[in-house]
Amino acid sequence: MAPTTQSLLPKRPPPLLKDELDIVIPTIRNLDFLEMWRPYFEPYHLIIIQDGDPSETIRVPKGFDYEFYNRDDINRILGPKASCISYKDGACRSFGFLISKKKYIFTVDDDCFVAKDPTGAEINALEQHIENLLKPSTPFYFNTLYDPYRKGADFVRGYPFSLREGVPTAVSHGLWLNIPDYDAPTQLVKPRERNTREATTLYVDAVMTVSKGALFPMCGMNLAFDRELIGPAMYYGLMGEGQPIGRYDDMWAGWCMKVICDHLGWGVKTGLPYIWHSKASNPFSNLTKEYNGILWQEDMIPFFQSLKLPKDCNTSQKCYIELSKLVRARLGKIDPYFIRLADAMVTWIEAWDELNNTSGTASAAPAKVK
């Protein structure tokens, strides 16, 4: 029997980590953007968190394997502990991290699309994140050829052989083309600035490890992490409705995460992959949300830069509980908000331990599974 045309086509390799990775998406709108991601996302399981009024209907394109949660589900599953999950803010994605049972998480915003590299080829952001997470990091000594584990690269002359094995990578932080991730004041003075793939000086074809002791402003719209290693520290804080601050959720998680990764000896990578950020948020609305954050970051960043965690903090959970105590003692002097945030950090860890322990009593049954 003659082979069919289809049988002669080369077989695609199976998706990387298909059964070990969840994609978490916070949203306030129909998820038509998934159509562009279909070739890359369809093999994976999606956890969708509705950000806002649970009475609003969110449409998800057919063909995706997903769980859907709204605020009513969060309240039902967490009970009083639901107070630690932000409302009407993208920080609600933390709930997706909480209820996932997979080793890895990729999270992306609903206004982000598949980008193209300078040659015009589509970028498989998810695959690049997975490659980053599966390769070691080098936080203790910077390699001037960036990621030495990338094909075609290596360690440069003078790099200590004792450090070349690297350490596990806990976080892969991706970047964006088109709309930059600016704060409100910068948006106001650069309203038309765009980062395009044609501007090769802005498209940097590189991945690098963030050095130990260095902080960075983590953007949550294109991010992947090892949930088993650092999941308990990836809490996006108290933001949105009822809180005096917004748009600092991912940065708060990034500062906490980085301090803990440094303490436990794990690595954080940044650079590739790029996604296409399509929607510029309103700078005047952003300024209202960011105002306190812009003021407080002048104290928050030195606070994180000076942190030293005890040696007996040997897990992410223990580190995070200790961090909550330091937040209460040192940042609580700035504003009562930080006292509430410290309490929420403890509640978050309690919820994490409860939902990720088979002896826990909470039920994580979703409102809708497809």
Side-chain angles (χ1 to χ4, degrees), residues 13 15-17 20-21 103-106 115-119 121 123-177 195 197 199-219 222-231 233-234 253-275 304-305 307-309 311 313-316 319:
L16 293 170
L17 304 180
E20 299 179 69
L21 182 144
K103 177 173 172 55
Y104 299 100
I105 294 287
F106 171 54
K116 294 183 179 181
D117 67 21
T119 71
I123 298 168
N124 185 345
L126 179 54
E127 184 176 70
Q128 177 67 57
H129 275 301
I130 291 171
E131 290 180 6
N132 290 348
L133 289 171
L134 294 181
K135 292 176 182 176
S137 291
T138 55
F140 305 118
Y141 196 74
F142 187 76
N143 190 59
T144 50
L145 281 180
Y146 305 119
D147 191 344
Y149 306 103
R150 192 178 178 192
K151 185 178 180 181
D154 211 326
F155 293 95
V156 298
R157 179 171 56 90
Y159 201 99
F161 283 87
S162 60
L163 296 177
R164 295 190 180 193
E165 184 179 353
V167 300
T169 299
V171 176
S172 171
H173 177 255
L175 300 175
W176 1 261
L177 296 176
N195 179 17
R197 63 184 175 88
T200 53
T201 55
L202 296 177
Y203 182 101
V204 181
D205 185 17
V207 179
M208 65 186 75
T209 297
V210 183
S211 297
K212 181 180 179 180
L215 297 176
F216 71 105
M218 188 177 82
C219 173
N222 176 25
L223 184 75
F225 60 92
D226 186 323
R227 184 177 177 275
E228 290 183 358
L229 286 183
I230 201 64
M234 296 298 276
W255 295 328
C256 294
M257 168 278 297
K258 186 57 168 57
V259 166
I260 292 173
C261 281
D262 287 351
H263 175 74
L264 295 176
W266 301 327
V268 178
K269 292 189 176 185
T270 187
L272 300 178
Y274 286 87
I275 49 87
F304 283 105
Q305 287 174 325
L307 281 183
K308 299 293 182 185
L309 296 173
K311 289 184 178 180
C313 289
N314 55 6
T315 66
S316 289
C319 288

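Treat the numbers as computed from the prediction; the structure is a model and nothing was measured. By convention here, the first residue in the shown sequence is residue 1.
The CD atom of Glu131 sits 10.5 Å away from atom CG of Leu17, with the distance rounded to the nearest 0.5 Å. A distance of 9.5 Å separates CD1 in Ile275 from CD1 in Ile123, rounded to the nearest 0.5 Å. Rounding to the nearest 0.5 angstrom, the gap separating the CG atom in Leu16 from the CD1 atom in Ile130 is 5.0 Å. One finds the CE atom of Met257 at 13.0 Å from the SG atom of Cys319 (value rounded to the nearest 0.5 Å).
Between His129 and Gly174 the shortest heavy-atom distance is CE1-N, 3.5 Å. Looking at every heavy atom in both residues, Ile230 comes nearest to Cys261 through CD1-SG, 3.8 Å. Residues Trp176 and Cys219 share a closest heavy-atom pair of NE1-SG, 3.4 Å. Pro168 and Leu229 get closest at one heavy-atom pair: CB-CD1, 4.0 Å. Closest approach of Leu223 and Met234 over heavy atoms only: CD2-CE, 3.6 Å. For the pair Lys258 and Ala214, the tightest heavy-atom approach, listed with the atom from each and the gap, is NZ-O, 3.0 Å.
Qualifying ring-ring contact (aromatic ring centres under 6.0 Å, His included) partners for Tyr146, counting only residues two or more places apart in sequence or in other chains: none. Residues passing the salt bridge (Lys or Arg N to Asp or Glu O under 4.0 Å) test with Arg150 are Asp205, sequence neighbours excluded.
Using a 4.5 Å cut-off on side-chain heavy atoms (C-beta onward), Cys313 and Ile260 make no contact. A 4.5 Å side-chain heavy-atom check between Val204 and Tyr274 finds at least one atom pair inside the cut-off. Proximity of Leu177 to Tyr203: side-chain heavy atoms (C-beta onward) are separated by under 4.5 Å at one or more points. Using a 4.5 Å heavy-atom threshold, the side chains of Val167 and Phe140 count as touching. Side-chain contact between Thr169 and Lys135 is absent, with no heavy atoms from C-beta onward closer than 4.5 Å.
None of Thr138, Thr209, Asp154 except one satisfies the side chain to side chain contact (heavy atoms under 4.5 Å, CB included) rule with Tyr149; the exception is Thr138.
For the residue pair Asn124 and Gln128, no side-chain donor N or O sits within less than 3.5 Å of a side-chain acceptor on the partner.
Put simply, the side chain of Asp226 never gets that close to the backbone of Leu133: no donor and acceptor are under 3.5 Å apart. In terms of modelled atom types and a separation under 3.5 Å, the side chain of Tyr159 and the main chain of Tyr141 share a donor-acceptor contact. For Asp147 (side chain) and Ala206 (main-chain N/O), no donor-acceptor pair under 3.5 Å exists by modelled atom type. Using modelled atom types, no side-chain atom of Asp262 and backbone atom of Leu215 make a donor-acceptor pair closer than 3.5 Å.
Residues His173 and Phe216 bring their aromatic ring centres within 6.0 Å.
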Practice task
In sequence, state the C-alpha distance, the side-chain angles, and the governing distance for Phe106 and Leu21, and then conclude on side chain to side chain contact (heavy atoms under 4.5 Å, CB included).
Solution key: CA-CA 7 Å; Phe106 171 54; Leu21 182 144; 4.3 Å; yes
